[in-house]
*Asks:* 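Quick one: the structure is below, and I'll ask about it shortly.
Values below: every heavy atom of this structure, side chains too, minus hydrogens, waters and symmetry copies. Residue numbering restarts at 1 for every chain, and letters A, B, ... go by the order of the sequence lines.
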There are 2 protein chains.
Amino acid sequence: MIDIRQLRYFVAVAETLHFGRAAERLHVTQPPLSRQVAALEQELGVRLIERHSRRAVLTPAGARFLEDARQIIAALDRACRDARAWQSGDLGELTIGFMMHAAYSSVPLLTRRFATAHPDVTLHLRETLPMMLADGVMEGRFDAAIGFDPGTRRGLATSPLYREPLAAVVPSDHHLASASALTPDQLAGERFILSPADVTPTLRRAILGWLAAPPAILLETQLQQTIVSLVGEGLGVAIVPESLRRLAMTSVRFVPLIDAPMVEQLLMVRPDARNPALTHLRAIADSLQPA
Amino acid sequence: MIDIRQLRYFVAVAETLHFGRAAERLHVTQPPLSRQVAALEQELGVRLIERHSRRAVLTPAGARFLEDARQIIAALDRACRDARAWQSGDLGELTIGFMMHAAYSSVPLLTRRFATAHPDVTLHLRETLPMMLADGVMEGRFDAAIGFDPGTRRGLATSPLYREPLAAVVPSDHHLASASALTPDQLAGERFILSPADVTPTLRRAILGWLAAPPAILLETQLQQTIVSLVGEGLGVAIVPESLRRLAMTSVRFVPLIDAPMVEQLLMVRPDARNPALTHLRAIADSLQPA
DNA sequence: CCAATTTACGGCCCTCGTAAGCATT
DNA sequence: AATGCTTACGAGGGCCGTAAATTGG
């Protein structure tokens with residue numbers, strides 16, 4: 001069977017057109033070189049080199065095969081390098097799922113840092129409903145996920161990624177719109193827009209805990225962006241992560257909360273994950289550690 | 001050193017995800033297979049396959065390396081096939097030099113037939129002054145050349161390719177323009193345009209042989225097309241191969257000659273030429289043999 | 001006669017296959 | 001207990017290197 005070594009030997013002879021020099025370059029003696037090249041020609045059934053007494057000449061088929069052999073050798077070397085790079089995590093792909101409003105906070109931070117440090121790792125970013133994040137990681141659709149604590153963390157390893165206060169969001173013509181900071185009492189009696197309990201349990205618990213009395217719930221919707229948009233339409237008020245301010249909607253005002261509860265986005269990873277680039281991602285996440 | 005066989009073994013395991021089945025497919029027993037894959041991983045320094053009791057799983061690096069390994073194996077197989085095809089002349093390149101006015105006669109005939117019969121051989125056509133053809137072949141710039149007998153055929157093998165009569169070409173307003181056929185006497189006294197003796201000795205000999213008396217030579221130029229063009233400009237008359245008629249110039253008329261001398265285009269090849277596609281070219285040339 | 005490659009031959013390493021070991025389900 | 005991969009070990013083959021033969025200028 002044809003062997004990479006035979007290709008390397010042939011290339012050396014084809015490049016020097018001299019069996020002696022080629023053998024020297026390969027750190028072998030001439031006889032094995034002659035035999036291997038002859039064996040290669042035999043297996044191919046093609047004469048690659050014409051041997052004359054004082055010189056060797058490539059046949060047309062040999063010239064063509066030289067090109068191919070060079071490319072094959074280069075491809076093999078490259079494949080070996082890539083495999084090592086992949087193993088080290090310097091080369092590869094990472095698929096990251098994240099809840100959509102993380103696009104306004106942790107995702108740009110994390111991906112910018114990561115892409116700069118590891119330019120040869122391709123990032124696949126997948127916006128996802130928060131409830132799908134943990135399952136996506138567990139089932140291997142994502143290498144990592146960014147979201148709030150899913151509560152039922154079935155064996156997921158997590159790193160804190162981004163910590164921020166909650167803030168009230170009210171229509172810009174609301175009577176509280178220009179308040180400097182709000183207490184739970186001031187929001188009593190308002191109609192609230194929330195995301196469902198099964199979608200963001202941690203966030204919802206933080207909101208309801210800060211509000212002493214259970215609020216009147218007008219409606220529920222899954223995405224924080226949608227909540228802010230509905231507030232802008234005058235349908236009610238809401239408490240959302242402060243980073244949603246970056247939506248820059250003119251129809252709403254963000255108002256800080258007195259003793260605002262903090263919410264934390266986590267990077268979720270399977271502890272047995274095999275993608276080496278993940279270690280780099282976790283290192284970056286740890287370096288972003290909120291104070 | 002990494003070996004093609006190791007790549008083949010690895011691909012088999014990666015595709016079956018089962019060392020036993022892979023060994024069966026490769027017609028070897030498991031132990032060598034395990035060892036070779038382990039050796040490959042060892043040499044790469046990369047874990048490619050995670051062995052679990054009941055199943056094997058590719059690591060990300062392994063998945064990537066599988067793609068590369070497949071491509072390398074395919075490239076090698078293709079290179080072997082190409083080398084054999086090249087040797088047989090079914091694949092390759094042919095560089096053919098030809099005197100320029102052969103573009104109106106033998107070249108289209110020959111190249112059309114050849115390209116149809118051997119579509120994987122790339123033809124490089126090089127228009128050349130007739131005097132450069134034989135040298136070009138001898139010095140290896142052309143695999144073959146098409147032209148008149150160069151006289152001094154220093155070891156060139158030739159095949160007759162295209163045989164045609166000479167014809168007179170006169171300005172369309174010339175008093176002989178509508179003659180049905182001409183004798184040497186009728187052209188006596190005309191001023192002739194010829195190609196130089198060192199450029200087309202055979203052609204010139206045929207012309208001077210047919211004209212009983214030496215003509216008055218107005219001027220000489222190398223290309224037959226130029227000769228026809230100058231005749232069209234009213235500078236004189238000429239005798240050229242009949243196929244030049246295909247120039248379709250309205251300012252000249254071609255008039256047959258009584259007992260017209262025939263000239264023959266030859267395919268010239270070095271007898272020791274190494275390009276296998278040449279045998280196909282010569283076979284086509286022989287099948288075009290003028291009657 | 002010299003340069004360069006191929007052929008001859010002995011020693012060694014490497015690989016294969018059989019058989020035993022080991023781990024996981 | 002059974003499946004499936006790895007390790008152990010002896011036999012065989014292939015490859016390397018030294019040395020001799022061959023080919024061509």
*Asks:* Please name the pair of heavy atoms, one in A:Pro196 and one in A:Gln222, separated by the smallest distance, quoted to 0.1 Å.
*Replies:*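 Heavy atoms of A:Pro196 and A:Gln222 come nearest at CD-CA, 4.0 Å.
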
*Asks:* When rounded to the nearest 0.5 angstrom, what distance separates NE2 in A:His280 from OG in A:Ser88?
*Replies:*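 Rounded to the nearest 0.5 Å, the NE2-OG separation comes to 5.5 Å.
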
*Asks:* For the residue pair B:Ala69 and B:Phe10, what are the closest heavy atoms and their distance?
*Replies:*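 Nearest heavy atoms, B:Ala69 then B:Phe10: CB-CD2, 4.4 Å.
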
*Asks:* Looking at D:dT6, D:dC15, D:dT18, which one has an atom nearest to any side-chain atom of A:Arg5?
*Replies:*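 Shortest atom-to-atom distance from the side chain points to D:dC15.
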
*Asks:* Tell me: CG of B:Leu26 to P of C:dC16, nearest whole Å?
*Replies:*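 Rounded to the whole Å, the gap is 11 Å.
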
*Asks:* To the nearest Å, how far apart are B:Arg51 CZ and C:dC22 C1'?
*Replies:*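 Spelled out: CZ on B:Arg51 to C1' on C:dC22 is 15 Å.
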
*Asks:* Go through D:dC15, D:dT6, C:dC16 for me and flag the one nearest to the B:Pro32 side chain.
*Replies:*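 The closest nucleotide is C:dC16.
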
*Asks:* Please report the distance, rounded to the nearest Å, between CG in B:Leu33 and P in C:dC16.
*Replies:*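 About 9 Å, once rounded to whole Å.
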
*Asks:* Can you tell me which nucleotide in C:dC16, C:dT7, D:dT6 comes closest to the side chain of A:Pro31?
*Replies:*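 Selected nucleotide: C:dT7.
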
*Asks:* From the list C:dA4, D:dT6, C:dT6, which nucleotide is the closest neighbour of the side chain of A:His18?
*Replies:*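 Taking heavy atoms from C-beta onward, the closest nucleotide is C:dA4.
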
*Asks:* With nearest nucleotides of DNA chain D determined for A:Arg55 and A:Tyr9 from heavy-atom distances, which residue corresponds to the more 5′ nucleotide?
*Replies:*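 It is A:Tyr9, whose closest nucleotide lies nearer the 5' terminus.
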
*Asks:* So, OP1 or OP2 of C:dT6: does either fall under 4.0 Å of a side-chain N or O from A:Ser34?
*Replies:*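 Answer yes for this pair, as a side-chain N or O of A:Ser34 is under 4.0 Å from OP1 or OP2.
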
*Asks:* Would B:Arg64 and A:Glu93 satisfy salt bridge (Lys or Arg N to Asp or Glu O under 4.0 Å), going step by step from the backbone distance to the final call?
*Replies:* CA-CA 10 Å; B:Arg64 166 57 176 268; A:Glu93 301 180 10; over 6 Å; no

*Asks:* How close or far is atom P of D:dC15 from atom CG of A:Asp3, stated in whole angstroms?
*Replies:*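 To the nearest whole Å, that distance equals 9 Å.
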
*Asks:* Under a plain distance cut-off of 3.5 Å, with no hydrogens placed, do A:Ser287 and A:Arg113 share a side-chain donor-acceptor pair?
*Replies:*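 A pair is found: one side chain offers a donor N or O, the other an acceptor, under 3.5 Å apart.
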
*Asks:* Taking CG from A:Leu40 and C1' from D:dC15, how many angstroms apart are they, rounded to a whole number?
*Replies:*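 Going from A:Leu40 (CG) to D:dC15 (C1'), I get 16 Å.
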
*Asks:* Which whole-number value in Å describes the distance from A:His27 NE2 to D:dG17 P?
*Replies:*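 To the nearest whole Å, that distance equals 12 Å.
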
*Asks:* Nearest whole Å is fine: how far is C:dT7 C1' from A:Phe19 CZ?
*Replies:*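 Rounded to whole Å, this separation is 14 Å.
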
*Asks:* Find the distance A:Ile49:CD1 to C:dA4:P and express it as a whole number of Å.
*Replies:*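 The answer, rounded to whole Å, is 16 Å.
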
*Asks:* Could you check which of C:dG17, C:dC9, D:dC5 has an atom nearest any side-chain atom of B:Arg35?
*Replies:*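 When the side chain of B:Arg35 is considered, C:dG17 is the closest of C:dG17, C:dC9, D:dC5.
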
*Asks:* Taking the minimum atom-to-atom distance to the side chain of A:Gln30, which one of C:dG17, C:dT6, D:dT6 wins?
*Replies:*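 Nearest to the side-chain atoms of A:Gln30, counting from C-beta on, is C:dT6.
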
